Amino acid sequence: MSDRVFILPLWIRLWHWTNAALILLLTITGASLHFADPKLPLVPFELSARIHDIAGLALAALYLVFVVANVVTGNWWQYVPKPGGFVERCKNQIVFYCWGIFRGAPHPYPPTAEANFNSLQQIIYWIVMYLLMPILIVTGLIFLWPDFAPKRVMGMDGLVPVALLHYLTAVLIVSFMIAHIYLGTTGTKVSSLFKMMITGWHEH
Amino acid sequence: MNQPLNRRTVGAVLLLFAGLLATSPAGAQTKGAAPKDPETIAQIQAWNGECLACHTEAALHKPPRPGMDIKALSEALTDPAKYDRSNHAGMACKTCHVGGYRDWPHKGPAQAVPGKAETLDCNECHAQKSWHVDAQVAKSVHSKNLSEKFTCSTCHDPHVYQTAAKLKEPAKIVAQDNGMCLSCHQSDEKFAAFGGKLTPAKKRPDIDAIHAWLPNTKLHWNAVRCVECHTPVSPTRTLAISHEILGKDKAQRDCVTCHSQDSALRTGLYRHVAETESAELGFLNSAVLGNSYVIGATRNTHLDRFGLVLIGLVFAGVLGHGLIRILAALGRRSVK
């Protein structure tokens, strides 16, 4: 069994699936709130609001756990783009997705215990986890406690920019989620990477 | 010869009829309304000055006449500044306060000098409106429980009240109108004055506790009126808000009534500013934006489209990519 390597400790896997479940729940309820309309088949507004509040708070708490655990375990290093041909490695990865993958070429940078992510994953995961998620969570918390919002911005209620930023960030994260789930099918077998996220073992 | 005379007779009868109409309640919608000519204005100010010499907070502390019934006076005070902003501003006190009120000392059943002092009912002037309102009030939770004790002025203090059309600004409308509800519903003393007389006596429910289900309760109360949810859709075109106040069993609890593209706020609280709104920058219900961001109602159509198109493109992109992968894999298999 030399063709497999253990790369994901239990806490990362638990965090990942809890995070995934919460994001999915928040996407469904968030869309039901934002596009609220009695004519559309959405989750009822009152129920959506309750679930979105609770799941949002849970996501904020989980994010805090994620940051602390990353610092404590040193896992944060995985997200840092490494110098020495970073752009070149990203380009190779993009070329693989646009061409090599269709010809059955091997992954250019398969994960190792030291480097879980390829360069493209590093930069995108870094943006999602350390830029978009904080914006999403902070704007969400202000939504929950609107007294913290500015009173007025450009002649409008101070919640308007908060709401727009929350919506835009959510759109980007949902777009990432769709691409992320799809790229999960690009392992050795369609199910390999999903299995890896459960067992922690990556099959080459 | 007879014809011109007949015409004159018909004309005179018509004039007489018009005169009668003008003095009937329907024709008296503007009875006592604030005049425009300076002479009458000065006359009214002089009359009202006589009343306000006693009926203000200041006079209570420094009674202008000896031997006044201070307790009775303390229950009949007016704030001239508020009155001058009210819808009845400019009207003479004695337009409504008639009979024994017109002289001093006042004559009345409770006064030292016996006589009849009376205040006219609202429908003396507001006949048409009262006709609609009375039918709605009769179905209201207040009428069912309190009937005779509950009149227009229980909520609408005629010395203070301003209509929404006059206030225009939603924040001011909300502050005034919710103040009318909360003056009883947040005061054990005032609530007991009405509810305490019921059998069994009704204790004032904690207003925060019974609305705990409503997210950001305080924010809602500062942004919308109680009657937004506690009245049905008005059956009368000329009255934007019904006077049928609904108890908690029948009150609106469907959030999307306001939190949606076709928000009821447009035709309710914001109807006086909604007329002037423009769909600037692509916001729906942009008239509301100056005061509140209302989830579901004030979203931006450009950003909505951008978001949906982006997510749609990503979805289409991965579907296309997956399809090509499947076709390419089938192709490689057939080559082998």
Side-chain angles (χ1 to χ4, degrees), chain A residues 27 30-40 42 44-50 52-53 97-99 101-104 143-147 149 152-183 185-186 190, chain B residues 171 213-216 218-220 222-223 253-263 280-281 283 286 288-300 302-304 306-329 331-333 335-336:
Chain A
T27 303
S32 297
L33 293 169
H34 185 81
F35 296 102
D37 190 325
K39 295 187 283 288
L40 296 177
L42 301 164
F45 195 94
E46 195 183 331
L47 182 66
S48 289
R50 194 165 289 227
H52 203 79
D53 286 356
Y97 286 135
C98 294
W99 182 247
I101 194 167
F102 302 128
R103 300 174 56 85
F143 241 138
L144 204 52
W145 286 288
D147 288 341
R152 301 189 68 75
V153 174
M154 295 191 300
M156 292 186 283
D157 180 36
L159 257 186
V160 175
V162 175
L164 298 185
L165 207 56
H166 191 72
Y167 168 79
L168 269 180
T169 323
V171 161
L172 293 176
I173 287 186
V174 170
S175 303
F176 164 79
M177 179 174 70
I178 295 168
H180 184 66
I181 294 170
Y182 170 71
L183 289 173
T185 66
T186 59
V190 170
Chain B
W213 64 274
L214 184 68
N216 287 315
K218 290 268 171 355
L219 193 70
H220 273 98
N222 289 331
R253 211 182 145 157
D254 189 6
C255 312
V256 288
T257 306
C258 292
H259 288 278
S260 60
Q261 188 169 341
D262 301 321
S263 177
E280 265 180 72
L281 305 167
F283 281 102
S286 59
V288 181
L289 274 182
N291 292 301
S292 305
Y293 181 84
V294 183
I295 298 170
T298 50
R299 52 204 170 84
N300 187 284
H302 298 325
L303 284 183
D304 285 353
F306 165 79
L308 293 175
V309 167
L310 181 71
I311 291 172
L313 283 176
V314 173
F315 205 73
V318 299
L319 271 183
H321 195 272
L323 198 66
I324 299 172
R325 265 173 66 206
I326 292 169
L327 292 176
R332 285 201 304 277
R333 209 172 290 173
V335 168
K336 282 178 195 170

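Scope of the values below: all heavy atoms of this structure, side chains included, with no hydrogens, waters or symmetry mates. A note on names: the letters A, B, ... follow the listed sequences, proteins ahead of strands, and every chain is numbered from 1. Keep in mind that what you see is a predicted model, and the values were worked out from it rather than measured.
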Exercise for the section: Identify which part of B/Leu219 has an atom lying under 4.5 Å from any heavy atom of chain A, answering side chain, backbone, both or neither. Expected result: side chain

Exercise for the section: Pick one of side chain, backbone, both or neither for A/Leu33, based on which atoms fall under 4.5 Å of a heavy atom in chain B. Expected result: both

Problem - Option in B/His259, B/Lys218, B/His321 with maximal non-hydrogen atom pairs under 4.5 Å from chain A - result: B/His321

Exercise for the section: Check the side chains of B/Arg325 and A/Thr186 for a donor-acceptor pair under 3.5 angstrom, ignoring hydrogens and angles. Expected result: no

Problem - B/His220 (side chain) donor-acceptor with B/Leu214 (main chain) under 3.5 angstrom - result: no

Fill in the blank from the handout: Cut-off 4.5 Å, heavy atoms of chain B, and the answer for A/Phe176 is neither

Exercise for the section: Against chain A, work out which of B/Leu310, B/Ile324, B/Asp254 has the most heavy-atom pairs shorter than 4.5 Å and name it. Expected result: B/Ile324

Practice task
Kindly indicate whether the side chain of B/Leu303, heavy atoms from C-beta on, has any atom under 4.5 Å from the side chain of A/Leu168.
Solution key: yes

Problem - Heavy-atom contact with chain A under 4.5 Å, split by part of B/Leu319 - result: neither

Handout entry: A/Leu183 portion near chain B, given a 4.5 angstrom heavy-atom threshold
Key = neither

Practice task
Could you look at A/Ser32 and say if it's the side chain, the backbone, both or neither that has a heavy atom under 4.5 Å from chain B?
Solution key: neither

Practice task
Identify which part of A/Tyr167 has an atom lying under 4.5 Å from any heavy atom of chain B, answering side chain, backbone, both or neither.
Solution key: side chain

Problem - Residue pair B/Arg299 / B/Phe283, side-chain heavy-atom distance below 4.5 Å - result: no

Handout entry: Any side-chain heavy-atom pair of A/Asp157 and B/Leu289 under 4.5 Å
Key = no

Practice task
Select one option (side chain, backbone, both, neither) describing which atoms of B/Asp262 are under 4.5 Å from chain A's heavy atoms.
Solution key: side chain

Practice task
Flag this pair as yes if the NZ/CZ of B/Arg253 is under 6.0 angstrom from the six-membered ring centre of B/Trp213 and inside a 45 degree cone about the axis; otherwise no.
Solution key: yes

Exercise for the section: Check whether A/Arg103 gets within reach of chain B through its side chain, its backbone, both or neither, counting any heavy atom under 4.5 Å. Expected result: backbone

Completion exercise
Looking only at A/Ile178, A/Leu159, A/Ile181, the option with the highest number of non-hydrogen pairs under 4.5 Å against chain B is A/Ile178

Practice task
Name the member of A/Pro146, A/Gly155, A/Ala179 that forms the most heavy-atom pairs with chain B at distances under 4.5 Å.
Solution key: A/Pro146

Exercise for the section: Find out whether B/Ile295 and A/Phe143 are in side-chain contact, i.e. whether some heavy atom of one side chain is under 4.5 Å from a heavy atom of the other. Expected result: yes

Exercise for the section: Return the option, out of B/Ile326, B/Asn291, B/Leu313, with the maximum number of heavy-atom pairs under 4.5 Å with chain A. Expected result: B/Asn291

Practice task
Hey, could you give me the CD/CG distance between B/Gln261 and A/Leu40, rounded to the nearest 0.5 Å?
Solution key: 9.0 Å

Fill in the blank from the handout: chain B shares the most heavy-atom pairs under 4.5 Å, among A/Val162, A/Thr185, A/Leu144, with A/Thr185

Fill in the blank from the handout: Counting heavy-atom pairs under 4.5 Å with chain B, the top scorer among A/Met156, A/Met177, A/Glu46, A/Arg152 is A/Glu46

Practice task
Please examine the side chains of B/Asn300 and B/Asp304, heavy atoms only from C-beta on, and report whether any two atoms are closer than 4.5 Å.
Solution key: no

Exercise for the section: Take A/Val160 and B/Thr298 through the test side chain to side chain contact (heavy atoms under 4.5 Å, CB included) and record every step on the way to the result. Expected result: CA-CA 9 Å; A/Val160 175; B/Thr298 50; over 6 Å; no

